[in-house]
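Letters A, B, ... are given to chains in the order of the sequence lines, protein chains preceding strands, and every chain is numbered from 1. Side chains are part of it too, since the values below use all heavy atoms of this structure and drop only hydrogens, waters and symmetry mates. Please read all numbers here as calculations on a predicted model, not as lab measurements.
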2 protein chains.
Amino acid sequence: MTTGTPPPRRPTLADVARKSGVSVALASIVMRGAEGASASSRAKVKAAAAELGYRPDSRARALRSLRSGLLGVSLSLAEPFHADLVDEIYAAAELRGFDVVLSATGPRRSETRSLEALTDAGCEAVIAIAPAGGAAALAAMDARLPVVSLLRAVPSVESVCTDDAAGIRQAVDHLVGLGHRHIAHVDGGTAVASAERRDAYLGAMAAHDLGRHATVLPGGPDEKAGTAAAALLPGARRPTALVVFNDRCALGVLDALERGGVPVPGSMSMVGFDDSQFARLAHIGLSSVRQDVEALASSAVERAAARLTGEPAGLREHAPSLVLRNSTAAPPAT
Amino acid sequence: MTTGTPPPRRPTLADVARKSGVSVALASIVMRGAEGASASSRAKVKAAAAELGYRPDSRARALRSLRSGLLGVSLSLAEPFHADLVDEIYAAAELRGFDVVLSATGPRRSETRSLEALTDAGCEAVIAIAPAGGAAALAAMDARLPVVSLLRAVPSVESVCTDDAAGIRQAVDHLVGLGHRHIAHVDGGTAVASAERRDAYLGAMAAHDLGRHATVLPGGPDEKAGTAAAALLPGARRPTALVVFNDRCALGVLDALERGGVPVPGSMSMVGFDDSQFARLAHIGLSSVRQDVEALASSAVERAAARLTGEPAGLREHAPSLVLRNSTAAPPAT
DNA sequence: GACCAAACCTAGAACGTTATAGAAGCGAGG
DNA sequence: CCTCGCTTCTATAACGTTCTAGGTTTGGTC
């Protein structure tokens, strides 16, 4: 029984070659723009390809030429800041001839799974944004294919980070310059980079000889944690300024303060971290430590490419800068 | 000149087979869990695979067995709501044995490019979240491989949407029930679904015989647009309630109002759309029209799967529900 | 011990592409 | 006329996997 329409197969190079009356090999040459084809056959093949709607099968291509040209990126969709990075990674990767494959981490999807999907997809190298997993697991993976950890310094794995300590120092310096003495820190809890930023805060306070006023409030990476941290602020003897782990957390704090009738920056100054899209828009413009997204992204891509040619691993730190908006001011007169 | 370490090749099925002393074919059977292998060889092969750290090459697999098992998803990283959807899509796809490939749209990356990357990756079907491109382009693509449009009804392409009109009606009904008469709408400008929601608003107002009070303020899909729209609110004869295109825009409006000293919901009630993570956290809890994320995601995956088996295209609409928080109240007494 | 079926295993051909090696065409130089 | 070199083209062998079709054991029955 011969049935009607056969399932519409996606056109292959063989189809293009047949239609234009040349060999598959020649069609391949034309399609990938290699040299060794006459102008006339180029035209013929291109026309046939266009007519058939031919698109090369990247899997087959990758299978044959051991370079797949694929760069994997693992990110958390819940983090707007990762989104900013990815956009720049796309741009940087394109410049170097890489295609980018994304794999998300989320409540339903573990980091391990996300990274596995990337290796399975045939990526030549992987950029893991703020990987939470153990260093051992990442190092093990790195033995298979180059891994670059972005936003987190992982020992023995190529890492590209912001110099968090410098950023925190800038924030503290700025606040001290405004006249603040009682500056507290809302930390990131168990989040990636939380410990580094906390230590930098303590160090910066000590450097200003304000160690006795240093206070660390337990926080976390998101708005909810910020709101919770705000509830811990003592009513009397409240600090006059806050350096917060990141913008999302700062937003939570800000919200709670405003609802509690504490004006920012009138009664409380605040500095966030990341300079997310967010900080720029919502509420009061939040002063924030800006990570150099473009440099981070292109550096990560560059490091991944370098590893493919066998260069050694190392840590690249990028200098952050403090972006001032309307959330800091001199402390209220006592 | 013989140099030191050869470039560490990723282990292949042949390596596993050699190491465990069986044929490649048998190793394949074991690795994919097919039947026809004895328990003892299963153990041998699995052990060898584990020791080598073997992971099957999905490209080669896809190339051979015409099912690649790949489901492409195109999304905008700037939209937190898309992130929610993707997480559910991962879950739904896994249930049906699909792997998910993500491709983002962004300031540096057009939708066309994002979709092309997906077809090149060898996806069997594609889910485009809120595709902005022309219906013709999508339909053309659909001729090559099944396309499902999620969050936007596109003629002649399989579409899975929320019944936006019903959602807007619920919002208006609720506000009218609270006693509001002067209810305005901040629309989504040129954003996807903006026109549908605007029309639904006008229809709902008319249904309550409030057509004469209907006002549409030009807005947009993000916070900035909301802030701008708030500036257009007349000082006197201000509406007492707002139905806003989406939560992000609503947030912008909310912020502007609070800064302008207009308490919400005291002097102004507000309803958003999407029930994003956002609405639940920041500021005042925003009342919002909840889209059924899980149903949307699983329905989109299901439709994609159905198309692969040759079922016809159609439109699936999912009922939204109104989530009440603290941004609506009775209008202030005159 | 011969026969049979079931269970287990393997050789080898695909899948769509690229790379290598060499064949044809052709004009110039001896 | 033969050879040389150049350009243009093609046959064919990979890449790592799955699948088909057939081959070899195994062990139970007569």
Indicate, with a heavy-atom threshold strictly under 4.0 Å, whether [X] touches base, sugar-phosphate, or nothing.
X	answer
A:Thr12	sugar-phosphate
B:Ala62	nothing
B:Ser41	sugar-phosphate
B:Ala37	sugar-phosphate

Send over the distance from [X] [atom1] to [N] [atom2], rounded to a whole Å.
X	N	atom1	atom2	value
A:Asp120	D:dG16	CG	P	15 Å
A:Leu52	C:dG16	CG	P	14 Å
A:Arg10	C:dC15	CZ	P	15 Å
B:Leu63	D:dT18	CG	P	11 Å
B:Arg42	C:dC8	CZ	P	9 Å
A:Met31	C:dA19	CE	C1'	18 Å
A:Tyr54	C:dG16	OH	P	10 Å

- Query: For residues B:Arg108 and A:Tyr90, is any side-chain donor paired with an opposing acceptor at under 3.5 Å?
  - Reply: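 No pair is found: no donor N or O on one side chain lies under 3.5 Å from an acceptor on the other.
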- Item | Residues B:Asp120 and A:Arg55 bridged, charged N to O under 4.0 Å |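 Salt bridge flag = yes for A:Arg55 with B:Asp120.
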- Relative to the 5' end of DNA chain C, which residue comes earlier, B:Ser65 or B:Val22, by the nucleotide with the nearest heavy atom?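 In this pair, the answer is B:Val22.
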- Message: Taking the nucleotide of DNA chain C with the nearest heavy atom to each, does A:Ile29 or B:Ser38 sit closer to the 5' end?
- Response: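 With A:Ile29 and B:Ser38 compared, the 5'-side residue is B:Ser38.
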- Message: With hydrogens left out and only the distance checked, is there a donor-acceptor pair under 3.5 Å joining B:Arg61's side chain and the base of D:dT17?
- Response: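 There is none.
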- Query: If you count the non-hydrogen atoms of other residues, nucleotides and ligands that lie under 6.0 Å from CD in A:Glu116, is the total more than 12?
  - Reply: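 Atom CD in A:Glu116 is packed in, count exceeds 12.
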- Query: Between A:Arg316, A:His318, A:Glu317, which is the residue that forms a side-chain hydrogen bond (donor to acceptor under 3.5 Å, both in side chains) with A:Ser299?
  - Reply: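 Looking at A:Arg316, A:His318, A:Glu317, the match for A:Ser299 under the side-chain hydrogen bond (donor to acceptor under 3.5 Å, both in side chains) is A:His318.
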